[in-house]
Participant: 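Structure in structure tokens, see below.
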Amino acid sequence: MGFNLKETVDAYLIKHYKDIEEVRGTKDFRWSNIAYSIDRDLEGEYVRNRYIKIRKNVGTTPSNLGKNTTVDISQGIHLVSGNENKDKGTKEFTFTASNIPTEKEIISHFNIDTTKYKISQIWHKTTPGGKYSISVNLQALKGVEQVNLSEDFLNKLSNIKAIPTVPLIYKGEFKEEEKSKPKACLIIPKQDAHWNMYDVQGNNSIEQRFETFTKALFSQLEKAQATNKLEKIVYIVGSDEFNSEYTQATTKGTPQQNILTYEESFEKITEFNIETIKLLGYYAEKVEVVLLNGNHDHYVGWHLANVLKHVFAKSQRIDINSSTENTKIVDFHKCLLLLNHGDASTPKALAAKFPVIAHDVWSNYETYLVISGDKHHERSSDINGVICYQVPQLSSSMSAWSDKKTFIVSKPELLTFLLEETELVNIMRKTIK
């Protein structure tokens, strides 16, 4: 790490002390998640030990403990150095300050143009004089174009209403034969759909893509419901279903060719997901919608999940996990699953981290699965008892880049995973044509 570990961890824990205290005793709380929020390589046990020390001394901590206070970095600031690499599109500068500023405060103070650059890394360390030496690395955004969102689009977002408290219909609620079927959970890892990708072969109807996917999903739901009582369905959103951010480029700035404008695609994809979730609620007692950050749509994916959270706010059977952690942990009875888009970690690396991330609950389970995507082709392996699946892409579109590189796109398929209480019992697949 490029910073003083103890000081960084303590500063984070003090800032979020009140929030951590509120959730520390809940079922889903894990120190590993707190650690990951600070640094992906940080261990949860270290953070827990630092928190215990802070908690013992809580009476001597500042009165603004746990509050999101604003640091005035204009006092005592001194720019030390700066350089630019035009070939790589990077800038780096170093300054000293009396306090550790937030990313937002650095952007404001140094007047960084966020339409052209993003902060890729921040390091800080203490100096002999007691101040902080802070280094900031900027990465140029490629292919970025300004988009002015229309007044009508913004009004629609601001006027979103939750579905009324009338319970969503559940198909198995009144059927006596459902009680004798084995309890099960269906995992729908909707990865790499790229609904809005422009297809050089001319198949550019987003409605047709929705219809093809829905038919495949409906077929698998019927098969699962015929043999099992579905207690829960886990449904992935985000994970490159938009193909690009509002900038018409991936999150890192690689230009993309889309079918529709950002506004049109956001509206259609959001409405499609709302209707799909309502369909899932017909087949299962509980629907858990999980946001996975994609490398094409990290930010717009969160916007989608946040809209869904508001729409289904009054439904007790629909849970929307819109948190921005790249790795999500879900469970079903004795089965524990790690979900990740797969753009920055291989299945092997995710399997190695899995016992560390979930070390506080690991012994409570019998079956362990890692499900990822991103690479657009299928791969499976058993790594020290952790079953890993890299699912194929859902998109059948051929981009201009793939066509230019003469890449042969792997067969697009919808894979769903059926879990019973202690094991994975079935993997259903349907080709997307």
Participant: Begin from the C-alpha positions of Q220 and L186 and carry the test side chain to side chain contact (heavy atoms under 4.5 Å, CB included) through to its verdict.
Facilitator: CA-CA 10 Å; Q220 296 186 7; L186 186 67; 5.6 Å; no
Participant: Check whether any side-chain heavy atom of D343 lies under 4.5 Å from a side-chain heavy atom of N326, and answer yes or no.
Facilitator: no
Participant: Side chains of E241 and L304: does their closest heavy-atom pair fall under 4.5 Å?
Facilitator: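 Answer yes - side chains close enough.
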Participant: Scan residues 365-388 for pairs that pass salt bridge (charged side-chain N to carboxylate O under 4.0 Å, His left out), counting only residues two or more places apart or in two chains.
Facilitator: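 Matches after skipping sequence neighbours: E378-R429.
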Participant: Testing R209, Q201, H194, Q257 for side chain to side chain donor-acceptor pair (under 3.5 Å) with S397, which one passes?
Facilitator: R209
Participant: Give a yes or no answer on whether the side chain of T212 reaches the backbone of Q208 with a donor-acceptor pair at less than 3.5 Å.
Facilitator: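 Here the side-chain-to-backbone pair exists.
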Participant: Any sub-3.5 Å donor-acceptor pair from K430's side-chain atoms to L217's backbone N or O?
Facilitator: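 No.
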Participant: Does atom OH of Y299 have more than 12 heavy-atom neighbours, drawn from other residues, nucleotides or ligands, at distances under 6.0 Å?
Facilitator: no
Participant: Return the minimal non-hydrogen interatomic distance between V386 and A351, and the atom names on each side.
Facilitator: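 Nearest heavy atoms, V386 then A351: CG1-CB, 4.0 Å.
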Participant: Of the non-hydrogen atoms in G373 and D192, which two are nearest, and what is the gap between them?
Facilitator: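 Heavy atoms of G373 and D192 come nearest at C-OD2, 3.8 Å.
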Participant: Please name the pair of heavy atoms, one in Y51 and one in L13, separated by the smallest distance, quoted to 0.1 Å.
Facilitator: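 That closest heavy-atom pairing would be N-CD1, 3.7 Å.
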Participant: Taking all atoms of both residues into account, what is the closest heavy-atom pair of A216 and I432, and its distance?
Facilitator: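 Heavy-atom minimum between the residues: CB-CD1, 4.0 Å.
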Participant: Using distance alone, with no hydrogens and no angle criterion, decide if T327 and N340 have a side-chain donor and acceptor under 3.5 Å apart.
Facilitator: yes
Participant: If you define the side chain from C-beta out and look only at heavy atoms, does anything of D199 sit under 4.5 Å from I259?
Facilitator: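 With C-beta onward as the side chain, the pair stays apart.
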Participant: Can you see which heavy atom on C388 is nearest to which on I383, and at what distance?
Facilitator: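 What the structure gives for the nearest pair is SG-CD1, 3.9 Å.
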Participant: Determine, for K268 against E271, whether the closest basic-nitrogen to carboxylate-oxygen distance falls under 4.0 angstrom.
Facilitator: no
Participant: Between CD1 of I112 and CD1 of I119, what distance do you get to the nearest 0.5 Å?
Facilitator: 4.5 Å
Participant: With a 6.0 Å cut-off (strictly less than), is the heavy-atom count around NZ of K286, excluding the residue itself, greater than 12?
Facilitator: yes
Participant: Could you tell me whether the side chain of D331 and the main chain of L336 form a donor-acceptor pair under 3.5 Å?
Facilitator: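 Checked: no pair found.
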Participant: I want to check something: taking the side chain as every heavy atom from C-beta on, are S372 and L350 in contact at a cut-off of under 4.5 Å?
Facilitator: yes
Participant: Measuring from W195:CH2 to D240:CG, what's the distance to the nearest 0.5 Å?
Facilitator: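 It is 12.5 Å, given to the nearest 0.5 Å.
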Participant: What is the distance from atom CG of L291 to atom NE2 of H303, rounded to the nearest 0.5 Å?
Facilitator: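 So the CG of L291 and the NE2 of H303 are separated by 11.0 Å.
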Participant: Just by distance, with hydrogens left out, do E245 and H298 show a side-chain donor and acceptor under 3.5 Å apart?
Facilitator: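 E245 vs H298: no donor-acceptor pair found between side chains.
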Participant: Take Y235 and I318 through the side chain to side chain contact (heavy atoms under 4.5 Å, CB included) test and state the conclusion after the steps.
Facilitator: CA-CA 11 Å; Y235 175 68; I318 311 292; over 6 Å; no
Participant: With I187, which of L419, I233, T416, L415 fulfils side-chain contact (heavy atoms from CB on, under 4.5 Å)?
Facilitator: L419
Participant: Under 3.5 Å, side chain of S32 to main-chain N/O of I357, donor-acceptor pair present?
Facilitator: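 A pair under 3.5 Å: yes.
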Participant: Counting only N and O atoms by type, is there a donor-acceptor contact under 3.5 Å from the side chain of Y368 to the main-chain atoms of W362?
Facilitator: yes
Participant: Can you name the ring pair (Phe, Tyr, Trp, His ring centres under 6.0 Å) partners of Y198, sequence neighbours left out?
Facilitator: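 Y198 satisfies ring pair (Phe, Tyr, Trp, His ring centres under 6.0 Å) with no residue once adjacent residues are dropped.
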Participant: Tell me, do V136 and F110 make a side-chain contact under 4.5 Å, heavy atoms counted?
Facilitator: no
Participant: Within the distance-only criterion (no hydrogens, no angle test), does the side chain of T250 pair as donor or acceptor with the backbone N or O of T254 below 3.5 angstrom?
Facilitator: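 It does hold such a pair.
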Participant: Of all the heavy-atom pairs spanning H296 and N243, show the shortest one and how long it is.
Facilitator: ND1-O, 2.7 Å
Participant: Dump the intermediate steps for side chain to side chain contact (heavy atoms under 4.5 Å, CB included) on F417 and L337, then the final yes or no.
Facilitator: CA-CA 11 Å; F417 299 80; L337 286 81; over 6 Å; no
Participant: Do S239 and Q191 meet the criterion of a side-chain donor-acceptor pair at a distance under 3.5 Å?
Facilitator: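 Yes, because at least one side-chain N or O of S239 sits under 3.5 Å from a partner of the opposite role on Q191.
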Participant: Just verifying a value: how many Å separate N306 CG and T270 OG1, rounded to the nearest 0.5 Å?
Facilitator: 11.0 Å
Participant: Any chance you could lay out the side chain to side chain contact (heavy atoms under 4.5 Å, CB included) test for N295 and T251, step after step, and finish with the verdict?
Facilitator: CA-CA 6 Å; N295 56 301; T251 305; 5.8 Å; no
Participant: Within the 3.5 Å criterion, strictly below it, is a donor on N258 or Q248 matched to an acceptor on the partner's side chain?
Facilitator: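 Their side chains do contain a donor-acceptor pair, which is all the 3.5 Å distance test asks for.
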Participant: Taking CD in Q316 as the centre, count heavy atoms belonging to other residues, nucleotides or ligands within less than 6.0 Å. Is the count above 12?
Facilitator: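 Check fails, neighbour count at 12 or below.
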Participant: Which distance, rounded to the nearest 0.5 Å, do you find between the NZ of K348 and the CG of N384?
Facilitator: 9.0 Å
Participant: To the closest 0.5 Å, what do you measure between CG (L339) and CG (L292)?
Facilitator: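 Those atoms lie 5.5 Å apart.
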Participant: Treating N293 as the side-chain partner and T324 as the backbone partner, does any N or O pair qualify as donor plus acceptor under 3.5 Å?
Facilitator: yes
Participant: Return yes if some donor-acceptor pair links the side-chain N/O of E421 with the main-chain N/O of K334 below 3.5 Å, else return no.
Facilitator: no
Participant: Report the residue from F266, F210, F242 that forms a ring-ring contact (aromatic ring centres under 6.0 Å, His included) with F272.
Facilitator: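 Among the candidates, only F210 passes.
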Participant: Would S323 and E325 count as having a side-chain donor-acceptor pair, cut-off 3.5 Å?
Facilitator: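 Yes, E325 and S323 have a side-chain donor paired with an acceptor closer than 3.5 Å.
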Participant: For the backbone of Y262 and the side chain of S265, can you confirm whether one donor and one acceptor N or O come within less than 3.5 Å of each other?
Facilitator: yes
Participant: Name the one of E420, H333, E231, K232 that satisfies side-chain contact (heavy atoms from CB on, under 4.5 Å) with C185?
Facilitator: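 Between C185 and the candidates, side-chain contact (heavy atoms from CB on, under 4.5 Å) is satisfied uniquely by K232.
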Participant: Answer yes or no: is there a donor N or O on one side and an acceptor on the other, between the side chain of N321 and the main chain of V289, under 3.5 Å?
Facilitator: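 The answer is no, because no donor-acceptor pair under 3.5 Å joins these two groups.
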